[in-house]
Amino acid sequence: MAQLQPVRGTHDLLPEQTRAHRRVTDCARDVALCYGFEEVSTPIFEFSQVFKRTLGDTSDIVTKEMYTFTDKGGDEVTLRPENTAGIARSFISEGLAQLTPLKVFYNGPMFRYERPQKGRLRQFHQIGVELIGVAQPQADIEVIACGARVLAELGVIELATLELNTLGDTESRTAYRTALVDYFSQYEADLSADSKERLVRNPLRILDSKNEGDRKIIADAPVFTDFLNTLSQDHFAAVREGLDALGIVYTLNPRLVRGLDYYCHTAFEFTTNALGAQGALIAGGRYDGLIGMMGGNETPGVGWAGGIERLALLGGDAPAAPRPIAVVPVGEEPQKIALELSETLRREGFRIDLAYSGNLSRRMKRANRLNVLAAVIIGEDEMARNAATVRHMDTGEQEEVPLASLPEYLARHR
RNA sequence: GUGGCUGUAGCUCAGUCGGUUAGAGCGCUAGAUUGUGGAUCUAGAGGUCGUGGGUUCAAUUCCCAUCAGCCACCCCA
């Protein structure tokens, strides 16, 4: 048991969990399609530069959480810790600028070297959308509405609250950042160790500190709204107006900050308190500087990512496994035609499970365990009559049906 | 990365104040029922008590380390 265990923070997805994940991804994909997004996939690893350049040299992800290695050709590559950078890279290298506005949906594994907890894994899975090439607040609104809709369709919207903030444009944020550093520097000695770190790495993060001492200092810190220029204010106002018009409720959270450098203007997060400390279900925002930062033409973008494991945990029980129909041969000859019969029925679109071995009792037991809808029993007797006995497992009723009309019969009783 | 809790059968958990063959329920296998599942009864399989080391006549039990899970911090999805 201890000898052969999965790598820390990774999980096997057995049928039940896979069904739970698929419910989330299928639902999200359907919703995203409604909003005009198309599904894409980018590679699971990229050159490390893709992430280093975009996520910020000081972000936790880059400094301590990336799975980075040198491949046999000497290239330094990294297992993707998130998918926005990969999409942006693809946008540039595939020349997708001519397709703007580009709307994509993705789903897949991400990797972060973190200390595992429930809802926090080293290999985890995300769904997400990106809307690239639209600077107008309509894009922010549409993207947020899409996220809200995914949660609603999953039936977890009641457990979530939408938190909203603006990070302003670069000009506003730089001014605010400077003011914050000035302010907190006065109290540097009283700040928690974490916050002293943050003072140099990401001063905005101090605002989010849970440390009590920090909280007192934070109470009198400069407020971002005082530093927002008109453009930033207008953008944020328009986003709020749009959400109001759509009836999407949100709470303003001035302390909502993004860990990644490329975000600006709208930042939002659908959070829950039903998962302990792992509260973020869907998080995203606007990243107008990202594509330019990577070397493409300046192109605005907005998007979000959602944690599949977290959404699946909240979503309750996995959907039931599909109920197949069992083909149960009894005897040598029937055994031979059972394979053929199974294939025929499968071609007709039925989900067929063949009872491989044992006496009839054993095979029926197995069929029962698979929760089959019906058992198609075929023995010497039936063969002689070119028929099969169909037993409906829920009622226990059974009926002999000519082989030729079996598909039609089963279709009626499906 | 920091602090804490936990680790006994496939699953959920009892138990041993250190002492001979470690238990239950569920599940699994077989039989009662040689062409009929689910219910019932009977029998059976399954554990180096997470791993490694130490203390001891003796360790699943005590100590240390390690691995893993969980909780909080951190970070976020």
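Remember, it's a predicted structure, so these values are computed and weren't measured experimentally.
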Problem set entry | Length of the CD-C1' vector between A:Glu269 and B:C75, whole Å | 11 Å

Exercise. Looking only at atom types and distance, does a side-chain atom of A:Thr10 sit under 3.5 Å from a main-chain N or O of A:Pro6, one as donor and one as acceptor?
Worked result: no

For this session: Mind checking A:Gly119 for me? I need base, sugar-phosphate or nothing, with any heavy atom below 4.0 Å counting as a touch.
Result: base

For this session: Check the distance between B:C74's C1' and A:Asp214's CG and give it to me in whole angstrom.
Result: 13 Å

Problem set entry | Whole angstrom value for the distance that separates C1' of B:G69 from CD of A:Gln278 | 14 Å

Problem set entry | Length of the line joining A:Gln5:CD and B:U51:P, which is rounded to integer Å | 11 Å

Problem set entry | A:Phe227 side, atom CZ; A:Ser232 side, atom OG - distance, nearest 0.5 Å | 13.0 Å

Exercise. Heavy atoms under 4.0 Å, any strand shown: does A:Arg8 hit a base, just sugar-phosphate, or nothing?
Worked result: sugar-phosphate

For this session: Once you apply the 3.5 Å cut-off to both distances, tell me the Watson-Crick or G-U wobble partner of B:G19, or none.
Result: B:C57

Exercise. Nearest-Å distance, CD (A:Glu399) to P (B:G35)?
Worked result: 23 Å

Problem set entry | Plane angle bin for A:Phe224 and A:Tyr176 - parallel if under 30°, tilted between 30 and 60°, otherwise perpendicular | parallel

Seminar exercise, completed: Between CZ of A:Arg122 and P of B:C76 the distance, given in whole Å, is 17 Å

Exercise. Hey, does the side-chain of A:Glu197 have a donor or acceptor N/O within less than 3.5 Å of a partner on the base of B:G1?
Worked result: no

Exercise. Is a donor-acceptor contact shorter than 3.5 angstrom present between the side chain of A:Arg369 and the base of B:G38?
Worked result: no

For this session: On the 0 to 90° scale, with breaks at 30° and 60°, tag the A:Tyr409-A:His392 ring pair as parallel, tilted or perpendicular.
Result: tilted

Problem set entry | Whole angstrom value for the distance that separates C1' of B:C5 from NZ of A:Lys118 | 14 Å

For this session: Look through every strand shown and name the nucleotide pairing with B:U29 as Watson-Crick or G-U wobble, where both distances are under 3.5 Å.
Result: B:A43

Exercise. Is there a donor and acceptor pair closer than 3.5 Å between the side chain of A:Arg120 and the base of B:C70?
Worked result: no

Seminar exercise, completed: Judged by nearest nucleotide, the residue sitting upstream toward the 5' end of RNA chain B, A:Ala305 or A:Asp208, is A:Asp208

Exercise. When the distance from CZ of A:Arg115 to P of B:G3 is rounded to whole Å, what number comes out?
Worked result: 8 Å

Exercise. Strictly under 6.0 Å, is that where the ring centroids of A:Phe47 and A:Phe51 end up?
Worked result: no

Exercise. Given that A:Ala283 and A:Asn359 both sit by RNA chain B, which one's nearest nucleotide is further toward the 5' end?
Worked result: A:Asn359

Problem set entry | Residue pair A:Glu332, A:Lys336: steps toward the salt bridge (Lys or Arg N to Asp or Glu O under 4.0 Å) verdict | CA-CA 7 Å; A:Glu332 288 283 314; A:Lys336 286 177 195 156; 5.4 Å; no

Exercise. For B:A77, what is the paired nucleotide under Watson-Crick or G-U wobble rules, both distances under 3.5 Å?
Worked result: none

Exercise. Across all strands shown, which nucleotide pairs with B:A9 by Watson-Crick or G-U wobble geometry, both distances under 3.5 Å?
Worked result: none

For this session: Select base, sugar-phosphate, or nothing to describe what A:Asn211 touches, counting heavy atoms under 4.0 Å on all strands.
Result: nothing

Exercise. Can you tell me the Watson-Crick or wobble partner of B:U2, both distances under 3.5 angstrom?
Worked result: B:A72

Exercise. Applying a 3.5 Å limit to both distances, which nucleotide forms a Watson-Crick or G-U wobble pair with B:U51?
Worked result: B:A65

